[in-house]
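The first residue in the sequence is number 1, and the count goes up from there. Keep in mind that this is a model prediction, so the values were computed, not measured.
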Amino acid sequence: MKKRKWPWILGIGLILMFVSFSGDSSLISSIIILAGILLVLWKLFGSGKNKKRSKEIPELSDDLKVHYTEVGMTPSEINFFRETMNHTKTQINRLQVNLNQTAKLKAIDLRHDTVKAAKALFKELVKEPHRLHDASHFLYTHLPNLIDLTDKYIEINDHEIKNKQTYAKLEESAQIIDQLASLITQDYQQFVSDDLDDLDLEISVAKQNLKRDNRSEED
């Protein structure tokens, strides 16, 4: 904490030194005020650059650029999609961390394969970016709500002293978390349902062909 505060203290101190010597128009006074202003400005705008960089969207690979273009996406649609997916990836990573914090949350994840389903749906969206709207419940409701609830659950579970009401609230929260975890798995299953339908059709056609071939051999 002290390392973060020193630029403020030094910058403001330099400015106050200038004010105390405001009657002196020497070059030293001008240097003092300039140094103070620069330090404050650096604290306000410069010190956060590294944090912002860590949140920047990774550079678009040539393969993905070709892929997005081939499915008919415009540059603005590609940017929106990548921003959405970058945020979603961060949320999935956070969810994975949260679901490993307690035995109860781990059990919920194992029961529904929640993180696995979320990552799988992420990959499917990259394959089919034009279907982003089909995953709207996952992206904008189920995933963020599950993160918020697990955040709160972990916070309350970490309380040193718990009473009957605390345990009851934790149990209620766990039940809702379990339902949301199940919904995320359903989101994935619903998203790939067309693939399953296609597989059913292929199986049906294959069975008919096998039946026809068997009849031909009998004849």
How close do [X] and [Y] get, heavy atom to heavy atom, and via which atoms?
X: E77; Y: G72; result: OE1-O, 3.9 Å
X: K162; Y: H159; result: NZ-O, 3.0 Å
X: N98; Y: T150; result: ND2-OG1, 2.9 Å
X: P58; Y: N86; result: CD-OD1, 3.6 Å

Problem set entry | Distance-only side-chain donor-acceptor flag, D187 / H137, under 3.5 Å |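 Distance-only check fails for D187 and H137.
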
Problem set entry | N163 and T166 side chains, donor-acceptor separation under 3.5 Å |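 The answer is yes; a qualifying pair exists.
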
For this session: Answer yes when K104 and E171 have at least one side-chain N-carboxylate O distance shorter than 4.0 Å, and no when they do not.
Result: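 Yes, charged N to carboxylate O under 4.0 Å.
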
Exercise. Is a salt bridge present between R131 and D134, judged by a nitrogen-to-oxygen distance below 4.0 Å?
Worked result: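 Yes, this pair counts.
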
Calculate, to the nearest 0.5 Å, the distance between atoms [atom1] and [atom2] belonging to [X] and [Y] respectively.
X: K123; Y: Y188; atom1: NZ; atom2: OH; value: 9.5 Å
X: T185; Y: Q190; atom1: OG1; atom2: CD; value: 12.5 Å
X: L64; Y: M85; atom1: CG; atom2: CE; value: 10.5 Å
X: Y153; Y: T102; atom1: OH; atom2: OG1; value: 4.5 Å
X: L143; Y: I184; atom1: CG; atom2: CD1; value: 5.0 Å
X: L60; Y: D62; atom1: CG; atom2: CG; value: 8.0 Å

So do [Y] and [X] actually touch side chain to side chain, heavy atoms under 4.5 Å?
X: L183; Y: Q186; answer: yes
X: E128; Y: V71; answer: no
X: S182; Y: R111; answer: no
X: M73; Y: P129; answer: yes
X: N145; Y: I176; answer: no
X: L180; Y: T114; answer: no
X: L125; Y: F191; answer: yes
X: D109; Y: L95; answer: no

For this session: Would you check, one step at a time, whether the test side-chain contact (heavy atoms from CB on, under 4.5 Å) holds for Y140 with T88?
Result: CA-CA 9 Å; Y140 307 119; T88 301; over 6 Å; no

Exercise. Within a reach of under 6.0 Å around NZ of K65, are more than 12 heavy atoms found that belong to other residues, nucleotides or ligands?
Worked result: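 12 or below, so no.
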
For this session: Evaluate the side-chain contact (heavy atoms from CB on, under 4.5 Å) criterion for residues L99 and K106: first the C-alpha distance (whole Å), next the side-chain angles of each, then the deciding distance (0.1 Å), finally the verdict.
Result: CA-CA 5 Å; L99 291 179; K106 286 181 181 178; over 6 Å; no

Problem set entry | Same apolar cluster: L110 and V97, side chain cutoff 4.5 Å |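 Hydrophobic grouping puts L110 apart from V97.
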
Problem set entry | Qualifying ring pair (Phe, Tyr, Trp, His ring centres under 6.0 Å) pairs, either residue in residues 80-130, two or more places apart |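 Found Y68-F81.
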
For this session: Can you sort out the partners of Q101 under side chain to side chain donor-acceptor pair (under 3.5 Å), two or more places apart, ordered by chain and number?
Result: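 Expected list: none.
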
